[in-house]
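Heads up: the structure comes next, in structure tokens.
Chain letters run A, B, ... following the sequence lines, proteins first, then strands; residues in each count from 1. Computed from heavy atoms alone, side chains included, the values below leave out hydrogens, waters and symmetry copies.
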Amino acid sequence: MYQLLNLINNLENVLGKTVGVESISLRISNNPKFDFQINNLVKLQNHKHIKDIESSFSEIIDNEALIKSFEITDTYFINLEIDIEKFSNSFDKIKKYIKVRHPKTVLIDYGGPNIGKPLHVGHLRSLNIGKSLYRIYSLAGHSVISDIHMGDWGMPIAQIITYIEEKQIDIENINIDDLEKIYPEASKLYLKDDEFKDLAQANNKRLNENNSKILKKWKKLKNISIKSIKETLDALNHRFDLWMGESDVNHLIPEMIQKLESEGKISLDDGAYISNLVSEPKILITKSDGSYLYLTTDLATVLNRLKQNKIDKTLYIVDKRQNLHFEQLIKSLNYFDFGDEEYHHIAFGTINDSNGNPYKTREGDAKKLINLFKETSLQIKKINSDLDDGTNKLLANTVLTFSDLKTNRMTDYKFDLNKFTNTSGKTGIYVQYAFVRAKKLLNGSSINTSKINLNIADLDESDLSLIRGMIKFEYYFNLALENNEPHHLADYLYELSNLFNSMYQNQNILENKKETVKFNKLKISEFFISYSALLMECLGIEPVEKM
RNA sequence: GCUCUCGUAGCUCAAAUGGAUAGAGCAACAGACUUCUAAUCUGUAGGUUAUAGGUUCGAGUCCUAUCGAGAGCGCCA
């Protein structure tokens, strides 16, 4: 809460002198008459100096210009009412207020798609959460780099190449549809045919060793796959700064292994390298034939990134089932002394169908993302067939993003297209509609709102509710940033949209006889538009111009 | 078998570091459109937070046990 930072610092000083270092955090007040609350004193209610602390707090809060009124209850909950007049002047400065004091370089790793497999429903959350965190960190002033981190290496691709070789498929004329059919066939064969398995293992080793003949085939397949992935990403409005893959760090691995061994950090066990860090289960670094694993390339990827950029913090946006892998990765990065940078596994739950089972097609495959997009787009056409394609696309993506981000990322949720495209309720369409409504109102008014100042005395209940809703922006923004949880902002965007709709519905604004009332409402609508746009930016949603 | 996560209104989900009376949306019910506005708004009802104990000024949140669900577990990524 940048605007109340002085207040917070002063209160923290009091605590520091009396009961020890403790940070003050504001929360939304339980009491609807107030905006924020401070709970730090509640647990001190039996402290021998509580009366002194209370009076120091009172004095400090009393002197804070942004606080209009406050109360300290008999159990020492502190409630604060913000002075709307002083705070409202700052609405248009919100972008400055949310900047952090110490910007960092943050890398977002999407734990990307594999070669040979189309983008499917399983990739949706990684894309949405990653994009949202990218925007949130950027708005907070960090410098952010996104890396799709393609799964372009290892056994899956070796299986595909082996399958193509064995079935004598013409690799020159292969297309994406062929490739997508080959992948499941190859992995099926790998599981049941030992001879095929040996051939694939051998091919994988050749890949690791940079065998030029197999690299040529690999390159061909990778290009086909990337082209298809880019088409889907384009439909869904996603872009990446880096298109690195696991293959890009292959050359760093032999040296890395050698160094770790000479440092006594890893040792051979049944021919495979395992970490000497005591851990259960043991951490496997390479396979017994010397070829590399998921963890091997992820470790080398970190080395590669640190070599190329100064990175303070890395976020891995990967589903929660891979928890053990990232636990092992982060443990290993520490144990191997790769640096003191931060690494976080931003885990998320799975998307299920309405019965709670993994979201699949009738054939039992994961549903393709591009098909999900098309179905959503079609559903929106049913609601309004007059929309141009551009608007339809934005709305379809709004639905796929908002419905995903409104749930806490760790929760598995049920995908229900009918529900998510509902025009009323907590949906993407609803928040877009409120935005369009506000814009239409201002455009129809022919009044220059930028020159209007609020007339506080003439604000009615619905105006005040919306203004006091907007005061919470910094709170929710921080919550999302600190915890890497975009859903707080999705929920908040709905709350503001709902408050706007209430105000709007309440009375006819443009025909209001009293000019100050009319101007107030137009000014508040202008604020709402900028807040709504900013929240959509945080979520990775583009506002539409008409609906 | 071991490890981890989860169980909140009929349904789908919220509730940061333990804080006051556990909140939204959908569905249900009752209302509001010759309008800048219905792709909307207003109201009502809906809960022993799986169960039983414990920790403390205070527990959906922490601990223990039971029941139920899901995931992961050295040569896939």
> If you measure from the P atom in B:G7 to the same atom in B:U49, how many Å do you get, rounded?
Replying inline: 14 Å

Classify [X] by what it touches in the nucleic acid, base, sugar-phosphate, or nothing, heavy-atom distance under 4.0 Å.
| X | answer |
| --- | --- |
| A:Gln322 | base |
| A:Gly154 | sugar-phosphate |
| A:Asn506 | nothing |
| A:Ile509 | base |
| A:Gln507 | base |
| A:Asn498 | sugar-phosphate |
| A:Gln45 | base |
| A:Asn79 | base |

Parallel, tilted or perpendicular: which fits the ring planes of [X] and [Y], with parallel below 30° and perpendicular above 60°?
| X | Y | answer |
| --- | --- | --- |
| A:Tyr475 | A:Phe36 | tilted |
| A:Phe473 | A:Phe477 | parallel |
| A:Phe420 | A:Phe415 | perpendicular |

> Which nucleotide, in any strand shown, forms a Watson-Crick or G-U wobble pair with B:U3, with both distances under 3.5 Å?
Replying inline: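 In the structure as shown, B:U3 has B:A71 as its Watson-Crick or wobble partner.
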
>> Strictly by Watson-Crick or wobble contacts shorter than 3.5 Å, is anything paired with B:A28, and which nucleotide is it?
In response: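 Pairing partner: B:U44.
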
Are OP1 or OP2 of [N] and a side-chain N or O of [X] less than 4.0 angstrom apart?
| X | N | value |
| --- | --- | --- |
| A:Ser502 | B:U42 | yes |
| A:Asn408 | B:A15 | yes |
| A:Tyr504 | B:U40 | no |
| A:Thr423 | B:U40 | yes |

Closest nucleotide among [options] to the [X] side chain:
| X | options | result |
| --- | --- | --- |
| A:Tyr430 | B:A14, B:G74, B:U40 | B:U40 |
| A:Gln201 | B:A14, B:C76, B:A39 | B:C76 |
| A:Lys419 | B:U37, B:C76, B:U12 | B:U12 |
| A:Arg437 | B:U37, B:G74, B:G19 | B:U37 |
| A:Lys414 | B:C75, B:U12, B:A14 | B:U12 |
| A:Asn384 | B:A14, B:A39, B:G74 | B:A39 |
| A:Thr73 | B:C73, B:A20, B:C75 | B:A20 |

>> Should the side chain of A:Arg27 and the base of B:U17 be counted as holding a donor-acceptor pair, with the cut-off at 3.5 Å?
In response: yes

> Does the B:C75 base have a donor-acceptor partner in the side chain of A:Ser288 within less than 3.5 Å?
Replying inline: yes

>> Quick check: do A:Phe500 and A:Val431 have side-chain heavy atoms less than 4.5 Å from each other?
In response: no

>> In this structure, how many angstroms lie between the P atom of B:U61 and the CG atom of A:Asn483, rounded?
In response: 19 Å

> Restricting to pairs with a member in residues 428-446 of chain A, which pass salt bridge (Lys or Arg N to Asp or Glu O under 4.0 Å), not counting sequence neighbours?
Replying inline: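 Output for this query lists A:Lys439-A:Glu545.
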
